[in-house]
Amino acid sequence: MTRTVVLGVIGSDAHVVGITILEQAFSAAGFDVVNLGVQTSQEEFAEAAKAHDAEAVLVSSLYGHAEQDCQGFHDVLAEADVDAITYIGGNLAVGQDDFEETRATFEDLGFDRVFDSETDPEEAIAALERDLQITTTESERVTVNS
Amino acid sequence: MTRTVVLGVIGSDAHVVGITILEQAFSAAGFDVVNLGVQTSQEEFAEAAKAHDAEAVLVSSLYGHAEQDCQGFHDVLAEADVDAITYIGGNLAVGQDDFEETRATFEDLGFDRVFDSETDPEEAIAALERDLQITTTESERVTVNS
Amino acid sequence: MIRDERIPSDELRRIDDEIRSDWATGAAVDFDEAIRYHESLPVEKRFAEVLESADKPLLQPRAGVPRLDDQIELLEYLHGEGEADLLPTTIDSYTRDNEYGKAQEGLEKARETGEDTLNGFPAVNHGVDGCRNLIEAIDAPIEVRHGTPDARLLAAITFAGGFQSFEGGPISYNIPYTKEHGLAETIEHWQFVDRLAGAYTERGVRINREPFGPLTGTLVPPSIAIAIGIVEGQLAATQGVRSVTLGYGQVGNVVQDVAALRALKKLGNEYLPDDVCVTTVFHEWMGGFPPDEARANGVISLGGMTAAIAQPDKVITKSPQEFQGVPTKEANAAGLRTTRQIIDMAIEQNIDIDGIDEEQELIERETHCLMDTILKHGDGDVAWGTIKAFESGALDVPFAPSDSAAGAVLPARDDDGRVRIFEWADLEMDDDIKEIHRARLSQRAETEGRQESFRMVADDVDAISDGKLIGRPHSGTGGVGNAD
Amino acid sequence: MIRDERIPSDELRRIDDEIRSDWATGAAVDFDEAIRYHESLPVEKRFAEVLESADKPLLQPRAGVPRLDDQIELLEYLHGEGEADLLPTTIDSYTRDNEYGKAQEGLEKARETGEDTLNGFPAVNHGVDGCRNLIEAIDAPIEVRHGTPDARLLAAITFAGGFQSFEGGPISYNIPYTKEHGLAETIEHWQFVDRLAGAYTERGVRINREPFGPLTGTLVPPSIAIAIGIVEGQLAATQGVRSVTLGYGQVGNVVQDVAALRALKKLGNEYLPDDVCVTTVFHEWMGGFPPDEARANGVISLGGMTAAIAQPDKVITKSPQEFQGVPTKEANAAGLRTTRQIIDMAIEQNIDIDGIDEEQELIERETHCLMDTILKHGDGDVAWGTIKAFESGALDVPFAPSDSAAGAVLPARDDDGRVRIFEWADLEMDDDIKEIHRARLSQRAETEGRQESFRMVADDVDAISDGKLIGRPHSGTGGVGNAD
Ligand code: B12
Ligand code: B12
């Protein structure tokens, strides 16, 4: 059984190399990757996640406008009834910021995990496997209980 | 009329390139330079200044032990009845120090002027010409008055 | 059907009027008054003259912040402390998307909070007067650098605002920078930009135009970059541009980089009309940087060393903070001075490296193949041919995010670190050239004891940020033999 | 009369007993126990083995602070964060003067105040156990670096303390480092050091010895540095040393530096006995640095680039804070990583520069002239010949502060930036070689429209710290032609 993740670069950002590498790595790790490419809108992410029943939405942003581009993103996902795990990664702030602040900002925006641009694809894959495991176990438990 | 300056590297410091350049520059500017070379003791400076009736003593130090090497230097000069202007220059502190602190340290030790290692020989020559001018004028004034 | 033909004057005026109504500040543009303004500028602010008369590579950083006074301070700093010869004004991303409203919001927020809420200088919003304040404040020529597919209003305002150099082109600011813009559309828009530059040129104000050579910045084979630069130069020349700076981004192999810069100059002069003055610009490594300023300084210096040998007319420097985000002004100036030091120490040395001529010849042959196929695709018309060649995949750019390019060609380094093509897809190329690439890459595969694969490409993408040139597998020592 | 002959065992023991009584810590040295201690060290701490088996240049910084725990922390940092392959322990200046009392005061003050009141690690005062604590704490080989004319006690203690590499020699730690020490005296003292290293070697503990190649660090013509290194290698070999690392300091011209490093290796193997394993070390620019860390990174990188081409066995790195004073550990590690990045990016590239062979041949011929005159001065004995050749001025070092050298020879750069000899004084050299230098220098004088003079030498001394390689007069543009 494969698991589907939706991947894309948000806003008007066109940095494609990172998601090209991520696509390859997640595919190699056994995921079904729906790669929306660069310059993907919030709505496109939501539609694709819905259409493919994705278990995770992986947002990439490199160009420094991530915070603006992600305002209200989780509302858009919720409206489309998307209940996937959400990760964001890349160069998330303009300039030479402290990453811990950046992480807090994006967690407040609703992301489950925030990655900096030193992240190896393997780390993200490991995290996702853990997170999905937990989710599965929890939902199984719920199923058993109910 | 030429004026005599005594020049040397103090302590066990062997950095000779700086004083080689200084010797050439002061000579070209019309001074009589007595170059004592590297690894010159306080006593050798005092003797030479006395013997040549020097108007200035130029101490160089690069290797980071200048503060220890100059302890009591002005007493030694005084004992030998040397009343010359004293300059020190080079890399005067061990490590990455703030130059203003260093300047204060060496002024407290009795040096008339303190130069960092970015000093062009021309700056030191200009300063010395000014200082000697003033001294001469003062001593002339003294002569006139007495 | 779009063709490589000069836009007639009345059409130029019509479009000009139209696009200037896109945003309030467009109204302030008055062409004749602008010519007089340019004529009033001292010679040291005339971009083309300064660049074309230089006797050694001029250095230029990248830099743009939202507020005018901050931008002035930044450029003064880079000019003074960074000793930059030429200055940039990098435009923010909203402006690049023609979202002047969002840029305005960002600018106002920046003015209120003092924070850099935009990633560049929104020149359209600052308008003609804002631009002129900047031009007047800085004692050096300034170029507009952006990444805007439709840069017509930006050009109208910045040209009238006193800028005399403008980066970009219909391919180089489309394929690497956007997803959905069609090439026919961007060619049309850039024909206007070039025609406007040509109009200034006719009146004696030679606006310098600079195709963006590095494209996606990631292992772009030299011939692809050169062919696209030449096409953009030709399109610009048709519209009356007479000062063209062809660009190229460092790949990191010194022989290949020097060969590429020489080929760029030679082919540029060969393909562009005689009355165009062709200069070259070398971009220090445009791909992923190491996450460490010390190592980044090594990358920057290899670029400086290459520039000292190849002697392009201009070098665009990187900062040691490239990996992290927009650099502080201090880091930006440091990148300039590191580059300056190594160039100045190496440039008077006679450094002739073996094999440059051979590599240059290969690059030239490859570029000729690509140029031939473009013209063939367009029945002799370079504009149309470019569109068709990208459509068929005969022309392609690796890692292109744009729907207008196949993005199917894949590069990898050979055993010497030169960028070769691993997956040709439909790229047009003579078979014997393909064979050369194949042989070089299989030599590497053999050294590493593994198959050529996307994994190798991915390793090469990461290699420089991981501290090496070639993405060797982590186990074996690769091509380095056992020394005694 | 001192001769190049092996010190007999009983004489070795006599001197050893004598010098060990110079300071209290000398008593703790026990040769047989020390051999067992060395045998207990893991292979990754054995200097000669690690260096000689490396397959690419190993990097080593300079570093020394007074207190043991600080020195451990510093070396751990340079090994970890700086990724140094080999580590140093730089000795303080009082120890270099054999002023162990003053060093003790400084050490105690450092322990009280926590400040670095000495400019290095006083290994004699720390004694055998202190040294062993350091050796045990660090997972890499460590070399003793100093500048001590009479290093006998330092050697006895640090060898017993577990160090397996020791820099210096009778000429290289005399002529550039002191004024009044006679050469006969330093040769005698270093014969002891080498004999002691030889004694360890005989018992299977190959102590690596490294003549200090850069000498005064200031425009030293390659052949002078190489000849002196060879002499010191020969003297060491006579005493039983079997691992010799010959050194050379970057002059900044890539062709000359690569040629010099190749000549160094070739001539080292030619002149030294077959049973000596000869390795080479390249020192990044040892002269005055720019007062700016960004520019210093450019200087450091040019060194790294040269090392990537010449591939010496070891590179001694500089830090971007070289100008200012002893660097912070962060800056020291940064210098290492900048060097590493540029070496690793360039080393797999095939970079063959024209003219290296020719320059190498010139350097070899010059070195042969100097070696011949040394042997002739000593009637075949290299020790005696060195003393006599320095006396006559047939052998000389530019900017030598020592009374034992004439210090009359003056170097200047030619139009390509290679170091030539401007004032020969009594230096022995074939006339046709002198003619080559003369021609190159007069070409430069012509380019600059001025006479060769001390002013030119002074300008060259300052050039790199002023941002250039060649000290051109400030007006004219010098040798750079007008590009189009
Ligand atoms: C190549 C490059 C470009 C190319 C992009 C070509 C293309 N279409 O892809 C070009 C030259 C076109 C370009 C343009 C611009 N760029 Co750019 N670019 C870079 C550069 C040098 C490398 C990026 C890269 O490809 N890295 C290699 C890949 C493999 O790594 P990566 O992208 O970081 O992705 C990895 C990780 O981040 C992580 N990751 C990424 N996303 C995600 C998501 C998740 C969920 C997870 C888990 C992990 C993850 O995993 C990835 C794979 O390992 C970086 C600086 C750097 N990093 O060295 C600047 C950089 C990203 N660019 C920058 C900027 C500002 C721009 C421009 C706005 C300005 C300009 N100068 O023109 C434009 C933007 C245009 C646009 N509309 O997007 C800034 C961003 C500043 C900031 N965030 O503060 C940077 C940091 C440069 C700088 N220091 O100023 N750029
Ligand atoms: C070349 C050099 C050497 C050569 C010296 C050869 C020789 N005999 O001259 C060698 C390799 C032998 C050497 C040895 C050592 N060196 Co050393 N050396 C340098 C270096 C790289 C350049 C010095 C130089 O020649 N500059 C060029 C000349 C023209 O400039 P200058 O000396 O600064 O002099 C000018 C100005 O300072 C000024 N000036 C100087 N004196 C005076 C006096 C007056 C009155 C005035 C007005 C002006 C003035 O005018 C001069 C002419 O323009 C410097 C670092 C640097 N600056 O880049 C380190 C440096 C000075 N050395 C240093 C050290 C520690 C040493 C050693 C102790 C350690 C070691 N590693 O072995 C030994 C000392 C040996 C000893 N007994 O002295 C440190 C000093 C640290 C500190 N002060 O905190 C430095 C700064 C390097 C560093 N960053 O660690 N060194």
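First the proteins, then the strands, lettered A, B, ... as listed; each starts at 1.
Judged by distance alone, with hydrogens and angles left aside, the side-chain atoms of D:H79 form a donor-acceptor pair with the main-chain N or O of D:A84 at under 3.5 Å.
Residues C:D313 and C:L58 form no side-chain contact, since every pair of their non-hydrogen atoms from C-beta on lies 4.5 Å or further apart. The shortest side-chain heavy-atom distance between C:K314 and C:L59 does not fall under the 4.5 Å cut-off.
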Legend entry - Working for side chain to side chain donor-acceptor pair (under 3.5 Å), residues C:N208 and C:T245: CA-CA 7 Å; C:N208 170 262; C:T245 304; 2.9 Å; yes
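Note: C:D416 leads C:V255, C:T339, C:I342, C:D416 in heavy-atom pairs under 4.5 Å with chain D. Counting heavy-atom pairs under 4.5 Å between each of D:I470, D:I343, D:D292 and chain C puts D:D292 at the top. Highest contact tally toward chain C, considering only D:Q349, D:K468, D:R418, D:M305, is held by D:Q349 [criterion: heavy-atom pairs under 4.5 Å].
Heavy atoms closer than 4.5 Å to chain D are found nowhere in C:E330, neither backbone nor side chain. In this structure, chain C has a heavy atom under 4.5 Å from the side chain of D:E83, while its backbone stays farther away. The contact between D:I464 and chain C is made by backbone and side chain atoms together, counting heavy-atom distances below 4.5 Å. Residue contact with chain D, scored on non-hydrogen atoms closer than 4.5 Å, is absent for C:P320.
Classification of D:D466 and D:R472 as a salt-bridged pair fails, no side-chain N sitting under 4.0 Å from a carboxylate O.
Closest non-hydrogen pair, D:N332 versus D:A63, comes out as ND2-CB, 4.0 Å.
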